[in-house]
Amino acid sequence: GDSVTQMEGPVTLSEEAFLTINCTYTATGYPSLFWYVQYPGEGLQLLLKATKADDKGSNKGFEATYRKETTSFHLEKGSVQVSDSAVYFCALRFNAGNMLTFGGGTRLMVKP
Amino acid sequence: NAGVTQTPKFRVLKTGQSMTLLCAQDMNHEYMYWYRQDPGMGLRLIHYSVGEGTTAKGEVPDGYNVSRLKKQNFLLGLESAAPSQTSVYFCASSYHGGPVGEAFFGQGTRLTVV
């Protein structure tokens, strides 16, 4: 079946450091890919998405590129802030399907 | 902008008790979902609905039942709670299942079964 694998956390960085959170997927076909973010005590919010190969999703300084050849959708940010501390989830979804399949989540902690 | 609202936000149950979690959305979405979130396991789909009066099983449906009597509401029931059902439960909704559709999540219900 379809699955999403994320790097395990927690990831601890200093403010203004470069962030990469790895995400790879296994699926038959070409799903849409998403990054969701969950701030403490809140539900998940869509951070960015990409619907086809080579698309780049971006939002709030975060970027991720849909790489079909490596089945990856790594999340990057050039300079993290304390306010970016949260849990980040990579997910996939198919055109004909209705459900998001999530990775295990990666907790990011940014220290001042 | 209410979006997706879950009630209650917290609950403690004794083993064997029953309860119903309510999810309400005001975006006229067809699709609704119930997920549970456990440490290190991400979110796993319990049940989902593609429209009023329809429900289907997800990845981990055992021990739960659902109903979608009205388009805006999706109820998750636990008939006889077990400690293994201690988790954070999230409801979500989406407009359609197409590639650009995003899901909107509620703030979660933290359930503890003792």
Side-chain angles (χ1 to χ4, degrees), chain A residues 1-11 21 23-27 29-53 55 57 59 66 68 73 86-107, chain B residues 1-7 9-10 21 23-25 27 29-51 54-61 68 74 88-110:
Chain A
D2 305 329
S3 65
V4 177
T5 302
Q6 293 180 233
M7 59 189 295
E8 291 191 16
V11 174
I21 300 179
C23 170
T24 57
Y25 68 90
T26 301
Y30 303 106
S32 296
L33 300 174
F34 302 81
W35 276 101
Y36 279 79
V37 58
Q38 183 182 29
Y39 298 104
E42 299 184 10
L44 280 71
Q45 305 172 25
L46 179 66
L47 180 59
L48 53 85
K49 64 186 178 187
T51 59
K52 60 182 186 296
D55 268 2
N59 186 26
Y66 191 146
K68 183 177 67 174
F73 193 55
V87 181
Y88 293 82
F89 291 92
C90 186
L92 64 81
R93 187 176 192 180
F94 279 98
N95 294 3
N98 305 316
M99 296 78 70
L100 287 160
T101 298
F102 287 92
T106 302
R107 181 176 298 279
Chain B
N1 293 342
V4 179
T5 303
Q6 292 181 231
T7 53
K9 289 185 171 48
F10 303 93
L21 282 68
C23 177
Q25 54 95 2
M27 295 172 283
H29 286 167
E30 288 90 356
Y31 302 150
M32 297 186 75
Y33 318 87
W34 276 107
Y35 288 90
R36 59 177 289 172
Q37 182 182 28
D38 300 295
M41 303 186 75
L43 278 78
R44 294 180 293 169
L45 184 66
I46 304 171
H47 286 279
Y48 66 98
S49 169
V50 301
T54 70
T55 63
K57 295 180 179 179
E59 180 184 357
V60 288
R68 183 96 181 269
F74 194 31
V88 180
Y89 292 85
F90 285 99
C91 177
S93 71
S94 66
Y95 177 65
H96 56 67
V100 297
E102 90 178 74
F104 294 83
F105 285 79
Q107 291 196 320
T109 296
R110 184 173 295 277

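Below, read A as the first sequence line, B as the second, and so on, with proteins coming before strands; counting in each chain starts at 1. Keep in mind the model is a prediction, meaning the values are calculated, not measured.
Between chain A and the residues B:Ala56, B:Cys91, B:Gly42, the most heavy-atom pairs under 4.5 angstrom are made by B:Gly42.
A donor-acceptor contact shorter than 3.5 Å links the side chain of A:Tyr36 to the backbone of B:Ala103.
Using a 4.5 Å cut-off between heavy atoms, B:Gln37 contacts chain A through its side chain alone, with no backbone atom that close. Only the side chain of A:Gln38 comes within contact range of chain B, with at least one heavy atom under 4.5 Å from a heavy atom of that chain.
By the 4.5 Å heavy-atom criterion applied to side chains, A:Leu44 and B:Leu43 are counted as neighbours. In this structure, B:Tyr33 and A:Leu100 have side chains that are not in contact, with every pair of non-hydrogen atoms separated by 4.5 Å or more.
Surrounding CD of A:Gln45 are more than 12 heavy atoms belonging to other residues, nucleotides or ligands, all under 6.0 Å away. Atom CZ of B:Arg110 sits in a sparse spot, with 12 or fewer heavy atoms from other residues, nucleotides or ligands closer than 6.0 Å.
The CG atom of A:Leu46 lies 9.5 Å from the CZ atom of B:Phe105; values are rounded to the nearest 0.5 Å. We find the CD-CG distance between B:Glu102 and A:Leu47 to be 11.0 Å, quoted to the nearest 0.5 Å.
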